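Quick notes on the structure that follows.
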Amino acid sequence: MRDAVVLADADNFFASCETVFHPALRGRPLVVLSNNDGCVVSRSAAAKALGLANGVPWFVIRDQASRLGVVARSSNYELYASLSRRMMILMSHFFADQERYSIDECFLRSSLGVIRTRHHAAVMRETVLHGLGIPVSIGIAPTRTLAKIVIRLAKHDPHRGGVATWPSCQEGDIARATSPSRTADDLLAQTPIGDVWGVGRRLSKRLLAAGIPDALHLRDADPVLIRRRHSVVLERTVLELRGIPCPQPPSDASDGRRTGRILCSRMFSHPLGGTDDAIAGALSVYAQRACTRLRRQGSVCSRVSAFCSGRPRSPSDPGAWAERTVILDDPSDDPLVVAAAACGALRGRLDPDSRYVRAGVMLTGLSDRMTYDSTLNGLGARRDDHRLGSVLDLVTGRYGPSRIGIGCAGIRSVSRDHDIADDWGMRRSLLSPRSTTHWEEMAVVHAV
DNA sequence: TCTGGGGTCCTAGGACCC
DNA sequence: TCTGGGGTCCTAGGACCC
């Protein structure tokens, strides 16, 4: 008997999280906004029913939305990350080999057979709904790509109770999913090519032009030809659509798993001039955050890149852009070293007449700290810096990111609706309480 | 006036090595 | 005069994901 892929994906995750401690919001049109309250990134079912789209700038629809009684919230990352962790832990008890694919979805593996897998999945869904208040949809299929397709039925067909299984393996073994099935073909034919997992805008245009308008046509395309004309990635998608699993390496970096590079970048709450000291302050803060992630995954970096970009003034104007990479003499995870490198990288390279709207720090050339420490270079490098980083981590973990910092990122004023600084930091004017991560914002329950 | 952030993999091409 | 071949590693850029 073949194993089944179980895909669990929270419904409208950010919007659902907002209702957990505010049950009065349930059923109401609700949108969650990106950083700086920029654009819509999550919508409740009622907001979707009103025709509000994802990705729309908030200032464009604000008036219309308030007329329609839509509630808006700033992104409350602390709350979402905390609820995500709890949701993942709950689900990890039901099936093997959980892989957290993103903040709101995970893949699991079941060898229980189709009927028991469905039952188990339904219990898992109820457990998360009642234990956490987050609705989750579940797709069961022989491969990830098919699970991604069938989960749409779970989300949109209310008769399915939030769980959908790939047609043709309803009753029997998951392996039978590879045998021909009218309903499976119908489902593939109803899936536009751009909705297939791994096919983005560019690729779907090319495939449409090549006479492949939907998932069914892609499944029946010649894999060799697809590989030659497109890529080995798309060839794998063809095989997965045929029910043949093509394993992918784990992609998730949470829980300290290693990633290949670390990027920390943000838009400013308002444009900053090229001579503004605040830019160095921002780079220093981002460098320290990046170092925290670096230490969490037990790595050191050998390259520090800093960049700063301006807003285009016209469609033909690419906007101001400054970027430089510094190579460290000794790979490091020391916030002092990395912040100095990031700030130094752009010193004197910013245009005084330009207005900048975003800055970022990227760490690359990552290697395992223990392995590096044991090399000849590592033995020669100063290693007494670990303690500073660890202390920063401890203080930040306990008192929040605004209470301690080095250099330009030193003591800053603290306000709830500005992430770190009162000048350039993220604007979050519609932030809900961070009920699970901040004592002073804990939910209050009244007994009557 | 205002439009997110952080990852992944693949490919091509150059440097380098034996 | 004639000037190899096969491998690895690294990087930049493109496409995609949530």
Side-chain angles (χ1 to χ4, degrees), chain A residues 7-14 31-42 53-63 72 74-77 80-81 84 99-107 144-145 148 151 193-207 226-237 246-254 257-271 286 289-290 292-294 297 302-303 305 307 309 311-313 319 323 325 327 355 357-367 419 426-430:
Chain A
L7 169 62
D9 186 331
D11 301 342
N12 322 319
F13 182 61
F14 292 177
V31 296
V32 176
L33 308 176
S34 64
N35 282 340
N36 290 319
D37 298 339
C39 53
V40 175
V41 289
S42 179
N54 246 352
V56 183
W58 175 234
F59 75 92
V60 170
I61 59 162
R62 185 166 41 207
D63 292 343
S74 304
S75 288
N76 189 341
Y77 296 115
Y80 309 152
S84 168
E99 185 199 323
R100 298 176 194 192
Y101 181 69
S102 68
I103 191 164
D104 71 333
E105 66 183 302
C106 66
F107 290 105
R144 293 175 175 217
T145 306
K148 280 276 190 185
I151 202 170
I193 192 67
D195 287 355
V196 174
W197 192 40
V199 179
R201 249 202 345 254
R202 298 283 295 257
L203 200 49
S204 68
K205 223 185 236 175
R206 285 177 64 191
L207 290 172
I226 288 287
R227 180 179 192 147
R228 200 154 60 214
R229 289 198 184 150
H230 300 279
S231 69
V232 64
V233 183
L234 194 61
E235 181 195 23
R236 284 204 284 256
T237 302
C246 300
Q248 279 132 2
S251 61
D252 182 87
S254 56
R257 216 179 297 176
R258 288 213 163 74
T259 59
R261 61 183 170 206
I262 289 171
L263 171 71
C264 188
S265 81
R266 293 276 186 289
M267 302 273 300
F268 304 133
S269 59
H270 60 88
Y286 300 159
R289 284 195 191 157
T292 301
R293 280 189 234 156
L294 193 63
Q297 69 174 45
S302 60
R303 279 190 305 273
S305 309
F307 63 87
S309 65
R311 194 185 298 287
R313 274 166 281 199
E323 181 192 18
T325 300
I327 295 172
R355 309 291 286 166
V357 294
R358 169 193 288 278
V361 172
M362 186 159 75
L363 310 183
T364 50
L366 306 193
S367 52
D419 186 28
M426 200 198 316
R427 188 172 56 235
R428 296 199 285 182
S429 56
L430 306 164

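Chain naming here is simple, since letters A, B, ... match the order of the sequence lines and numbering starts at 1 in each. All figures in this text were calculated on a predicted structure; none of them were measured in a lab.
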Mind calculating the distance between [atom1] ([X]) and [atom2] ([N]) to the nearest angstrom?
| X | N | atom1 | atom2 | answer |
| --- | --- | --- | --- | --- |
| A/Tyr286 | B/dG4 | OH | C1' | 12 Å |
| A/Leu263 | B/dT8 | CG | P | 10 Å |
| A/Leu294 | B/dG7 | CG | C1' | 15 Å |
| A/Leu7 | C/dC17 | CG | P | 14 Å |
| A/His270 | B/dC2 | NE2 | P | 13 Å |
| A/Trp197 | C/dC18 | CH2 | P | 8 Å |
| A/Arg144 | C/dC17 | CZ | P | 15 Å |
| A/Ile103 | C/dC17 | CD1 | P | 19 Å |

Counting C-beta onward and ignoring hydrogens, is there a side-chain heavy-atom pair between [X] and [Y] closer than 4.5 Å?
| X | Y | answer |
| --- | --- | --- |
| A/Arg293 | A/Cys264 | yes |
| A/Pro271 | A/Val357 | yes |
| A/Leu366 | A/Gln297 | yes |
| A/Ile103 | A/Tyr77 | no |
| A/Glu105 | A/Leu7 | yes |

TODO: Assign the ring pair A/Phe14 / A/Tyr80 to parallel, tilted or perpendicular, where the plane angle (0 to 90°) is split at 30° and 60°.
DONE: parallel

Considering every strand and a 4.0 Å limit on heavy-atom distances, what is the contact class for [X]: base, sugar-phosphate, or nothing?
| X | result |
| --- | --- |
| A/Leu203 | sugar-phosphate |
| A/Arg261 | base |
| A/Arg206 | nothing |
| A/Val196 | sugar-phosphate |
| A/Asp104 | sugar-phosphate |
| A/Lys205 | nothing |
| A/Val199 | sugar-phosphate |

Open item on the list: Rounding to an integer number of angstrom, what distance separates B/dT3 and C/dC18 when you compare their P atoms?
Closed with: 24 Å

Open item on the list: Nearest 0.5 Å, please: how far is CG in A/Asn35 from OG in A/Ser269?
Closed with: 11.0 Å

- [ ] Assess whether one donor atom and one acceptor atom, taken from the side chain of A/Arg358 and the base of B/dT3, lie less than 3.5 Å apart.
- [x] no

Open item on the list: Using heavy-atom distances to pick each residue's nearest nucleotide on DNA chain B, tell me which of A/Ile262 and A/Gly38 is more 5'.
Closed with: A/Gly38

Between protein and nucleotides 10-16 of chain B, what N or O pairs are separated by less than 3.5 Å?
from: B/dC10; atom 1: OP1; to: A/Arg236; atom 2: NH2; distance (Å): 2.7

Task: Presence of A/Ser34 side-chain N/O under 4.0 Å of B/dG5 phosphate oxygens OP1/OP2 - done: no

TODO: Using only side-chain N and O atoms of A/Arg427, determine if any of them is under 4.0 Å from OP1 or OP2 of B/dC2.
DONE: no

Task: Identity of whatever pairs with C/dC18 - Watson-Crick or G-U, under 3.5 angstrom - done: B/dG5

Task: Closest listed nucleotide, where the reference is the side chain of A/Ser265 and the choices are B/dT3, B/dG6, C/dC18 - done: B/dG6

Task: Check: A/Arg261/A/Thr364 side-chain N/O donor and acceptor closer than 3.5 Å - done: no

